[in-house]
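None of the values given here were measured: they were computed from a predicted structure.
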Amino acid sequence: MKILISRKIILSIVSLVIIFTLAACSGKQETAPKGDSGSNVMEGHAGMNHTGSSDVPEGLKESINPTYPVGSSTIIHADHMPGMDGAEATISGAFDTIVYTITYTPLNGGEKVENHKWVIHEEIENATEQPYQPGDEVVLIAEHMEGMDGVTAIIDSAEQTTVYMVDYQDTETGEDVTYHKWVTESELSPVE
């Protein structure tokens, strides 16, 4: 009887260890630059959708006279993800809107993402006509990262600007990234 109970206890403990080990190994970590640290280094971007589609949110207006027209070449000066900063990009879309940095906790249970760049006004559920202000709570209809669509987020900053979809080659992996959303005008410079 004692041997039978001991075997059951041991099997239960071993089963729990295996379950916890598998759960720890399968979890995806999604983090973004820390808001006030001054650092823009990514700790992990497993859930980031580097390549997107040419589809844009309903109501997004094309820029009539963008600084960087569709088809032009630019240099990216942003490190939203590794392999982006310094890459030569081709503009695949230019739109006038309000861009936001946001903080949220992914719906899939990932770590809190702070100061995520960028979400646009048209990617906010039931968006008001007026821009949101820092501290406002919004629900996202964007899929830039896993666990983002439908999440409640806090607005960290807001800016009226031209945003761009870009195609570029990752400077670290050589991977072609197409229709990446979004890069702001201030994060681009002409190719010299």
Side-chain angles (χ1 to χ4, degrees), residues 32-42 45 48-104 113-125 127-136 138 140-145 148-149 153-173 175-192:
K34 300 300 177 198
D36 297 324
S37 68
S39 170
N40 253 355
V41 177
M42 302 308 256
H45 240 64
M48 185 70 174
N49 295 328
H50 299 252
T51 292
S53 76
S54 61
D55 295 339
V56 296
E58 189 175 324
L60 183 60
K61 304 268 191 276
E62 285 189 34
S63 183
I64 295 170
N65 191 21
T67 302
Y68 304 104
V70 172
S72 63
S73 294
T74 64
I75 302 295
I76 301 172
H77 302 285
D79 57 358
H80 307 169
M81 66 185 80
M84 176 182 249
D85 195 31
E88 185 171 330
T90 301
I91 302 299
S92 51
F95 308 91
D96 293 326
T97 189
I98 301 154
V99 294
Y100 301 98
T101 56
I102 56 164
T103 294
Y104 70 99
V113 178
E114 297 179 322
N115 200 31
H116 173 81
K117 295 180 181 176
W118 301 99
V119 172
I120 61 172
H121 195 75
E122 292 77 9
E123 293 174 321
I124 294 174
E125 186 175 84
T128 62
E129 297 230 354
Q130 296 301 311
Y132 292 96
Q133 302 299 314
D136 287 349
V138 297
L140 303 180
I141 50 173
E143 299 177 353
H144 304 180
M145 297 179 73
M148 177 183 263
D149 191 31
I154 304 296
I155 301 293
D156 295 321
S157 69
E159 176 186 358
Q160 176 78 45
T161 188
T162 301
V163 294
Y164 296 88
M165 271 192 309
V166 293
D167 301 338
Y168 68 95
Q169 187 174 65
D170 187 303
T171 61
E172 293 181 10
T173 67
E175 172 189 357
D176 287 329
V177 178
T178 57
Y179 302 114
H180 175 76
K181 301 178 183 101
W182 305 104
V183 178
T184 62
E185 192 161 294
S186 64
E187 294 173 319
L188 299 172
S189 68
V191 174
E192 293 181 15

So, do Tyr164 and His180 have ring centers that fall under 6.0 Å from each other? no

When rounded to the nearest 0.5 angstrom, what is the spacing between CD1 in Ile124 and CD1 in Ile155? 4.5 Å

Going by the rule side-chain contact (heavy atoms from CB on, under 4.5 Å), which residues pair with Glu172 if we only count those two or more places apart in sequence or in a different chain? Pro82, Asp170

Interatomic spacing from NZ in Lys181 to CG in Leu60 - rounded to 0.5 Å: 10.0 Å

Report the C-alpha distance between Tyr179 and Asp167 in whole Å, list the side-chain angles of each, state the deciding distance to 0.1 Å, and finish with yes or no for side chain to side chain contact (heavy atoms under 4.5 Å, CB included). CA-CA 6 Å; Tyr179 302 114; Asp167 301 338; 4.3 Å; yes

Of all the heavy-atom pairs spanning Ile98 and Ala158, show the shortest one and how long it is. CG2-CB, 4.3 Å

Would you indicate whether Glu88, at its atom CD, is surrounded by more than 12 heavy atoms from other residues, nucleotides or ligands within a distance under 6.0 Å? yes

Result for side-chain hydrogen bond (donor to acceptor under 3.5 Å, both in side chains) between Glu187 and one of His80, His77, Lys117 points to His80

Counting N and O atoms only, with roles assigned by atom type, does the side chain of Tyr100 sit under 3.5 Å from a partner on the main chain of Tyr132, one being a donor and the other an acceptor? yes

Flag if over 12 foreign heavy atoms under 6.0 Å of CD, Glu58: no

Check Ala94 against Val70 and note the closest heavy-atom contact, atom names and distance. N-CG2, 4.3 Å

Met145/Tyr104 under side chain to side chain contact (heavy atoms under 4.5 Å, CB included): CA gap, chis, key distance, verdict: CA-CA 11 Å; Met145 297 179 73; Tyr104 70 99; 3.4 Å; yes

Which residues pass the side-chain contact (heavy atoms from CB on, under 4.5 Å) test with Pro134, sequence neighbours left out? none

Are Glu159 and Trp118 linked by a side-chain donor-acceptor pair shorter than 3.5 Å? no

Taking Trp182 as the fixed residue, which of Thr161, Val119, Val56, Val99 is the one that meets the side chain to side chain contact (heavy atoms under 4.5 Å, CB included) rule? Val56

Does any donor atom in the side chain of Asp96 or Ser63 lie under 3.5 Å from an acceptor atom in the other side chain? yes

Could you tell me whether the side chains of His116 and Thr103 share a donor-acceptor contact shorter than 3.5 Å? no

Kindly compute the distance separating CD1 (Ile120) from OG1 (Thr184), expressed to the nearest 0.5 Å. 12.5 Å

Who pairs with Ile141 by side-chain contact (heavy atoms from CB on, under 4.5 Å), at least two apart in sequence or on another chain? Glu125, Asp149

If we check side-chain hydrogen bond (donor to acceptor under 3.5 Å, both in side chains) with Thr97, which of these qualifies: Glu122, Glu123, His121? Glu122

Side-chain donor-acceptor pair present, Thr101, Ser157, cut-off under 3.5 Å: yes

What is the minimum heavy-atom distance between Ala89 and Val166, and which atoms define it? CB-CB, 4.0 Å

Just how far is it from atom CE of Met148 to atom CG of Leu140, taken to the nearest 0.5 Å? 6.0 Å

Side chain proximity check, Glu175 to Tyr168, heavy atoms < 4.5 angstrom: no

Closest heavy-atom contact between Pro190 and Tyr68? CD-OH, 3.4 Å

Drop me the distance from Thr162's OG1 to Ile91's CD1, to the nearest 0.5 angstrom. 10.5 Å

Rounded to the nearest 0.5 Å, what separates atom CG in Leu188 from atom CD1 in Ile76? 6.5 Å

